[in-house]
Chemist: 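Okay, here's the structure, questions in a sec.
None of the values given here were measured: they were computed from a predicted structure. Lettering of chains follows the sequences in order, A, B, ..., and the numbering in each one begins at 1.
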Protein chains: 2
Amino acid sequence: MTSKDVARVAGVSQSTVSYVMSGKRPISARTRRIVEDAMAQLTYQPNAGARALASQRTQIVAVVMPFDSGLGAAGLMAFIEEITLAARAHDHDVLLVTAEEGVDGLRRVAGRALCDAVVVMEVGSDDPRAAIARDLRVPTLFIGIPDDPAGLHCVDFDFEDGARLLVAELADRQRVTALAWGSDTVARHLNYVPRFRAAAQEAAEAAGVALDWVPLERATVEEQVRAVLAAGADALLVTAHLTRVVHAVQDAGLRPGTDLDLVALATDVDATGFTVPLTAVSTHPRDVSRQAMSWLFDLLERGSGPAQVRRVPASVSRRSSVRSGPTPRVPRP
Amino acid sequence: MTSKDVARVAGVSQSTVSYVMSGKRPISARTRRIVEDAMAQLTYQPNAGARALASQRTQIVAVVMPFDSGLGAAGLMAFIEEITLAARAHDHDVLLVTAEEGVDGLRRVAGRALCDAVVVMEVGSDDPRAAIARDLRVPTLFIGIPDDPAGLHCVDFDFEDGARLLVAELADRQRVTALAWGSDTVARHLNYVPRFRAAAQEAAEAAGVALDWVPLERATVEEQVRAVLAAGADALLVTAHLTRVVHAVQDAGLRPGTDLDLVALATDVDATGFTVPLTAVSTHPRDVSRQAMSWLFDLLERGSGPAQVRRVPASVSRRSSVRSGPTPRVPRP
DNA sequence: TTGTAAGCGTTATCAT
DNA sequence: ATGATAACGCTTACAA
């Protein structure tokens, strides 16, 4: 079934069929009805390739996946779900590109006109994909902020703000241990690590709390937690390997909120998945992707706007993993 | 840049450029070099829409996501990764379709010629998508087995086999409690639930063990586990909500492998993510998707083959959550 | 308000 | 071994 068939059955020209679909020119009510009937009768569906060729629009958004989900599989799925949802709401489909393809993946989907736009997840500090994005055929939106975001469209969670909020929750402690991202994450040059760290450090100093920074290594999480606990730590700020950390704590016979304080940077689901719901700053993966997609379609519809960096604000959810309750000493700027 | 430009620069006809790319007719070494140089010089990339229109092949595989990952987010991501990997290995891309679109999603991607094939994940017993797949324009591969798989290409983990293996691990116990999928999963009519249950029941009877079936409800997992434990259960077979179950058990002061036996149906990562590594039957999500994709490309390349159901064999990994060690009394058929 | 026809960038069938 | 050229199915000026 082609639009030609529809035209023949409806007794109109092919262009009329096209205009009925696109609404790009006025059609009499009568003609519209006839055409729509014909389409229904033939169960006509426009050919995507032909349409893309003629219109120079594919109605497809390419999404470049992260190498390894910093947010965990659940967070990643939330991202993807939200992205496809937004895409469908704008009559677009989602094409998946693996991070492994690297720069070539971007070149391919843009160069072959496989998509109208691309979203790149988890961009690193000196991400080579950022460099080439500047002269890509299609608008590109980054999730994460490279060191030089000039000329780029970037959306990210406000890690600095999150760090401050988290420290504020433990501001009346003498000493806080930050169980944070390890060398694997650092190796990927995700600059939210230094961003978060710097902000946390600054906030801690302002509040007069000593902040010990412990990078958690995948292979030794439990061991490290035990060591930290053995050393007497009783205020934990965790940003990585949350599940394993909490279990290690519990295995040590300690309960967050009773025997020690624990705050986390985590998604809401993750923070509430334990027997003790955790006080946490949520990274709001869904908000980030919603923000990204709405911006993307803005660019697509209203033409490419000015490059900028947009941060999704942080917020803390107080639950029961902090003993004394909230007594923040650090004012939020 | 179009192939016309390449042809001009290379001083050959457009068709020669096309044949250099496709290899569908002999090209002299000299001509090939000239053309390839021109392509490189212009950084030419063929237009996907035009190619799809002319060749009737999009080089795209549509993947219909599950409603709610029965395997958990991690398992789902494994699926997706494996699928995109396989697709790229065959020079195809992956288009994501949400389960929410239901039957219409299938009709859309097939009808508009957005893809050459489709993979449907997590199909239910009387999945309406199965019905329409039979007369879809493109080969369709189901992950999961509907009640009437006639005329369909289905791949699934062998849940029956998995059930038997799991029961065998606890075959010398008097009484085993199965903490299994709850009403939400059942409501989705995933027929691996009854398939698993029937096989487990049969194996249990053969082995002379009493099998108590407890459907775990999302809202009350911990409560149910406590109740079961309080009732004296000391041999658990869990197929759902694994993390929460294990934590509930530990919170009750019990250690799997020490105070009670626990075997699970889970991915390997999930089974080893606890302080006590669990004896488990792995659902091998990666194997399932690899199997599915290799079959799919067989169909695509060698033309649509005969419909059938293919099961990915189960296997048990003995770890340390069972006390007496493996003493299976139930022979594997 | 509607129709005609020229592309869009490939592939593939004839020729040569 | 290579070159013309007619599709492929749609969109969109340009006419009427």
Chemist: Report the relative orientation of the aromatic rings in B/His92 and B/Phe297; use parallel for angles under 30°, tilted for 30 to 60°, perpendicular for over 60°.
Modeler: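 Rings of B/His92 and B/Phe297: perpendicular, as their planes differ by over 60°.
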Chemist: Please check if the side chain of A/Asp37 supplies one atom and the backbone of A/Ile34 the other of a donor-acceptor pair under 3.5 Å.
Modeler: no
Chemist: Hey, could you give me the CG/CZ distance between A/Asp116 and A/Arg57, rounded to the nearest 0.5 Å?
Modeler: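 So the gap between those two atoms works out to 5.0 Å.
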Chemist: List for me each residue that meets side-chain hydrogen bond (donor to acceptor under 3.5 Å, both in side chains) alongside B/Asp104, sequence neighbours excluded, and say none if there are none.
Modeler: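 Partners of B/Asp104 by the side-chain hydrogen bond (donor to acceptor under 3.5 Å, both in side chains) criterion come out as none, since no residue qualifies.
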Chemist: Take the C1' atoms of the five end pairs on each side of the helix from C/dT1-D/dA16 to C/dT16-D/dA1, derive the two axes, and give their angle rounded to 10 degrees.
Modeler: 30°
Chemist: For DNA chain C, find the residues of residues 25-32 of chain A with a heavy-atom distance under 4.0 Å and give them by number; none if there aren't any.
Modeler: A/Arg25, A/Pro26, A/Ile27, A/Ser28, A/Thr31
Chemist: Against A/Val94, only a single residue in A/Val119, A/Ile60, A/Val63 fulfils side-chain contact (heavy atoms from CB on, under 4.5 Å); can you say which?
Modeler: A/Val63
Chemist: Which residues, if any, of residues 7-18 of chain B bring a heavy atom under 4.0 Å of DNA chain C?
Modeler: B/Gln14, B/Ser15, B/Ser18
Chemist: Taking the side chain from B/Asp127 and the backbone from B/Gly124, do they hold a donor-acceptor pair closer than 3.5 Å?
Modeler: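 Side chain of B/Asp127 to backbone of B/Gly124: a pair is present.
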Chemist: Counting N and O atoms only, with roles assigned by atom type, does the side chain of B/Arg137 sit under 3.5 Å from a partner on the main chain of B/Ala110, one being a donor and the other an acceptor?
Modeler: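 Answer holds: yes.
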Chemist: Contacts to DNA chain C from residues 37-45 of chain B, heavy-atom cutoff under 4.0 Å, which residues?
Modeler: B/Tyr44, B/Gln45
Chemist: Touch check for A/Met1, heavy atoms < 4.0 angstrom, all strands: base, sugar-phosphate only, or nothing?
Modeler: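 If one applies the 4.0 Å heavy-atom cut-off, A/Met1 turns out to touch nothing in the nucleic acid.
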Chemist: What pairs meet the side chain to side chain donor-acceptor pair (under 3.5 Å) rule with one or both residues in residues 75-89 of chain A, with sequence neighbours excluded?
Modeler: A/Glu81-A/Arg286, A/Glu82-A/Arg286, A/Glu82-A/Arg290, A/Arg88-B/Glu101
Chemist: What residues, two or more places apart in sequence or in another chain, satisfy side-chain hydrogen bond (donor to acceptor under 3.5 Å, both in side chains) together with B/Glu36?
Modeler: none
Chemist: Give a yes or no on whether the backbone of A/Ala150 and the side-chain of A/Arg134 come within a donor-acceptor separation of less than 3.5 Å.
Modeler: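 At least one qualifying donor-acceptor pair exists.
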Chemist: For B/Gln291, give me all partners under side-chain hydrogen bond (donor to acceptor under 3.5 Å, both in side chains), at least two apart in sequence or on another chain.
Modeler: none
Chemist: Quick one: on DNA chain C, does B/Tyr19 or A/Gln56 contact a more 5' nucleotide (nearest heavy atom)?
Modeler: A/Gln56
Chemist: Between the side chain of A/Ser304 and the main-chain N/O of A/Leu299, is any donor-acceptor distance below 3.5 Å?
Modeler: no
Chemist: Whether the side chain of A/Asn47 engages the backbone of A/Thr2 through a donor-acceptor N/O pair (distance < 3.5 Å, no angle test) should be reported.
Modeler: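 Side chain of A/Asn47 to backbone of A/Thr2: no pair is present.
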Chemist: Which residues satisfy the side-chain contact (heavy atoms from CB on, under 4.5 Å) test with B/Glu100, sequence neighbours excluded?
Modeler: B/Phe67, B/Thr98
Chemist: Just the endpoints, please: which first and last nucleotides of DNA chain D, 5' to 3', lie under 4.0 Å from a heavy atom of chain A?
Modeler: D/dG9 to D/dC14
Chemist: The criterion is side-chain hydrogen bond (donor to acceptor under 3.5 Å, both in side chains); which residues satisfy it with A/Gln14, sequence neighbours excluded?
Modeler: A/Ser3
Chemist: For a 4.0 angstrom threshold against heavy atoms of chain A, report the outermost contacting nucleotides of DNA chain C in 5' to 3' order.
Modeler: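 Nucleotide range in contact with chain A: C/dT1 to C/dG9.
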Chemist: Counting C-beta onward and ignoring hydrogens, is there a side-chain heavy-atom pair between A/His90 and A/Leu300 closer than 4.5 Å?
Modeler: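 Side-chain contact under 4.5 Å: no.
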Chemist: If we only count heavy atoms from C-beta on, is the A/His189 to A/Asp147 side-chain gap below 4.5 Å?
Modeler: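 Counting from C-beta outward, A/His189 and A/Asp147 never come under 4.5 Å.
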